[in-house]
**Q** 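Dropping the structure in here first, questions after.
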Amino acid sequence: MSVRKIAVLGAGTMGAGIALVAARSGYDVHLRDVSDDLVARGRRTLEANLAKGVELGKVTPEERDGALARLSAGTELKTAVDGAQLIIEAVPEDLGLKQDVFAQAAEFAPREAIFASNTSSLSIAKLGGGTDRPDRTVGMHFFNPVHVMKLLEVVVGPETSAATLAAAREVGERMAKDVIVVRDSPGFATSRLGVLLGLEAIRMVEEGVAAPADIDTAMTLGYGHPMGPLRLTDLVGLDVRLKIAEYLHTTLGRGAFRPPDLLRRMVHEGKLGKKSGQGFYRWEK
Ligand SMILES: NC(=O)c1ccc[n+]([C@@H]2O[C@H](COP(=O)([O-])OP(=O)(O)OC[C@H]3O[C@@H](n4cnc5c(N)ncnc54)[C@H](O)[C@@H]3O)[C@@H](O)[C@H]2O)c1
């Protein structure tokens, strides 16, 4: 099946990024969130990204105009999914919420539409099981920032069909991503390792082993990581990381995934990282 229109549900960090890359790749895109303010915020992020791309000479003004012409955004779910061959949800990492979003989308989506989840960790089987189309449910795990990060982790549930996998792969390749295919298991191939490193770094801050910047430098200069685990946690969002850690702790049952108290405290205090202006670092708006 050939994908022409993509509906992106959730216009936060990831949804805005996925919509941007999809529109730049020639797809018609509808970006949806639950309030006008959130839709406007997503659109602003996306437009700012495009403007920056033009400024840096990475996007031509024609490409920017083309992408914006293919993009629409709003709060109406029916408008978002109407005529879409692919629906990508990027709402918060909560199984019940994501199941509800898919169930609501199924009321208006074309019968043949594929449901993809940008989940970082949750079971594709459980997400697909709650829909009328488990064979057309798949994980499409993009990385932040979506227009920069090359990886797309496609997650295949037990009932995901070969045709669905092929369609997800084709879309990823058209978005110029390197696609890996991973079996549906908690945290897949990426979050399971990445989150573990982040949690241990937070425990080291808690124990006063070193300052956040020094822990990050240990990994960038000592191990050649492009970014330290605490800075990355700030970019991802501490709330997002906490949810993933809780899920991995429950499903994999290993102490190493237990969320550190410091992480819980910071989320409770609204220190969510870059998006709130404060995390392990202070971020200018
Ligand atoms: N932040 C990252 O670096 C990152 C990376 C890869 C994957 N993910 C995954 O992507 C998903 C989204 O993460 P995020 O960081 O973009 O979160 P976010 O909090 O920035 O954005 C989520 C958005 O979804 C919206 N939303 C909530 N309910 C909705 C509904 N019913 N319909 C439409 N929109 C709704 C919220 O209003 C919010 O704008 C999560 O599953 C997360 O695990 C995040």
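First listed ligand is number 1; within each ligand, the first listed atom is number 1. We count residues from 1, following the sequence as given.
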**Q** I'd like to check whether V236 has a polar contact with ligand 1, where a contact means an N/O of the residue lying under 3.5 Å from an N/O of the ligand.
**A** yes
**Q** Can you figure out which of I88, L235, N144, L122 has its heavy atom closest to atom 3 (O) of ligand 1?
**A** N144
**Q** Going by the atom numbers of ligand 1, which of them fall below 4.0 Å from some non-hydrogen atom of G12?
**A**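 Those of ligand 1 that fall under 4.0 Å from G12 are 16 (O), 20 (O), 21 (O), 23 (C), 39 (O).
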**Q** Please compare V91, N118, L272 and report which has the shortest non-hydrogen distance to atom 40 (C) of ligand 1.
**A**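 Considering heavy atoms of V91, N118, L272, the nearest to atom 40 (C) of ligand 1 sits in V91.
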**Q** Between F188 and V138, is there a shared hydrophobic cluster once you connect ILVMFWY residues whose side-chain heavy atoms come closer than 4.5 Å?
**A**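 Looking at the clustering, V138 is in a separate group from F188.
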**Q** Any idea which protein heavy atom is nearest atom 17 (O) of ligand 1, and the distance to it?
**A** V240 CG2, 4.4 Å
**Q** Within a strict 4.5 Å, meaning less than it, do heavy atoms of the V171 and Y27 side chains meet?
**A**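 In contact.
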**Q** Does a side-chain N-to-carboxylate-O contact under 4.0 Å join E76 and K78?
**A** no
**Q** Atoms of ligand 1 less than 4.0 Å from R41 heavy atoms?
**A**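 Ligand 1 atoms under the 4.0 Å threshold to R41: 39 (O).
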**Q** For atom 31 (N) of ligand 1, what is the closest protein heavy atom, and at what distance to 0.1 Å?
**A** V101 CG2, 3.4 Å
**Q** Could you identify the single nearest non-hydrogen protein atom to atom 30 (C) of ligand 1 and state the distance to 0.1 Å?
**A**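 For atom 30 (C) of ligand 1, the nearest protein heavy atom is V34 CG1, 3.5 Å.
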**Q** Just to confirm my output: which protein heavy-atom neighbour is closest to atom 6 (C) of ligand 1, and how far is it?
**A**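 Ranked first by proximity to atom 6 (C) of ligand 1 is F142 O, 3.1 Å.
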**Q** When you check the gap from the basic side-chain N to the acidic O, do D82 and K5 get nearer than 4.0 Å?
**A**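 K5 and D82: not salt-bridged.
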**Q** So, does K98 sit close enough to ligand 1 that a heavy atom of it is under 4.0 Å from the ligand?
**A** yes
**Q** Could you identify the single nearest non-hydrogen protein atom to atom 42 (C) of ligand 1 and state the distance to 0.1 Å?
**A** S120 OG, 3.5 Å
**Q** Do R241 and I202 make a side-chain contact, defined as non-hydrogen atoms from C-beta onward lying under 4.5 Å apart?
**A**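 They are not in contact (no side-chain heavy atoms under 4.5 Å apart), so the answer is no.
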**Q** State, to 0.1 Å, how close A105 and V81 come at their nearest heavy-atom pair, and which atoms those are.
**A** O-CG2, 4.0 Å
**Q** Side chains of S161 and T164 only: does a donor on one sit below 3.5 Å from an acceptor on the other?
**A**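 A donor-acceptor contact under 3.5 Å links the two side chains.
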**Q** So which protein heavy atom does atom 38 (C) of ligand 1 come closest to, and at what separation?
**A** D33 OD2, 3.5 Å
**Q** Identify the protein heavy atom lying closest to atom 32 (N) of ligand 1, giving its residue, its atom name and the separation to 0.1 Å.
**A** R32 NH1, 3.1 Å
**Q** Enumerate the atoms of ligand 1 whose separation from the nearest heavy atom of L38 is less than 4.0 angstrom.
**A**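 Ligand 1 atoms under the 4.0 Å threshold to L38: 37 (O).
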**Q** Relative to the heavy atoms of H141, which atoms of ligand 1 are at a distance of less than 4.0 Å?
**A** 6 (C), 7 (C)
**Q** Does P92 have a heavy atom less than 4.0 Å from any atom of ligand 1?
**A** yes
**Q** Would you mind checking which non-hydrogen protein atom is closest to atom 19 (O) of ligand 1, with the distance to 0.1 Å?
**A**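 The answer is K275 NZ, 4.0 Å.
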**Q** Should M140 and V21 be regarded as members of a common hydrophobic cluster, given that ILVMFWY residues are connected when their side-chain heavy atoms come within less than 4.5 Å of each other, either directly or indirectly?
**A** yes
**Q** Between E246 and K243, is there a salt bridge with N-O shorter than 4.0 Å?
**A**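 Not counted as a salt bridge, because no side-chain N and carboxylate O are separated by less than 4.0 Å.
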**Q** Would you say the side-chain atoms of T137 and E159 include a donor-acceptor pair closer than 3.5 Å?
**A** no
**Q** Are F143 and H141 near enough that their ring centres are under 6.0 Å apart?
**A** yes
**Q** Is there a side-chain contact between T119 and I124 in this structure, where contact means two heavy atoms from C-beta onward sitting under 4.5 Å apart?
**A**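 Answer yes - side chains close enough.
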**Q** Would M14 count as a polar contact of ligand 1, with the cut-off being nitrogen or oxygen pairs under 3.5 Å?
**A**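 Yes - when backbone and side-chain N and O of M14 are compared with those of ligand 1, one distance drops under 3.5 Å.
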**Q** Please work out, at 4.0 Å between heavy atoms, whether the side chain, the backbone, both, or neither of K243 comes within that distance of ligand 1.
**A** neither
**Q** Only heavy atoms of E93, strictly under 4.0 Å: list the atoms of ligand 1 that pass.
**A**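 Listed by number with element: 40 (C), 41 (O), 42 (C), 43 (O).
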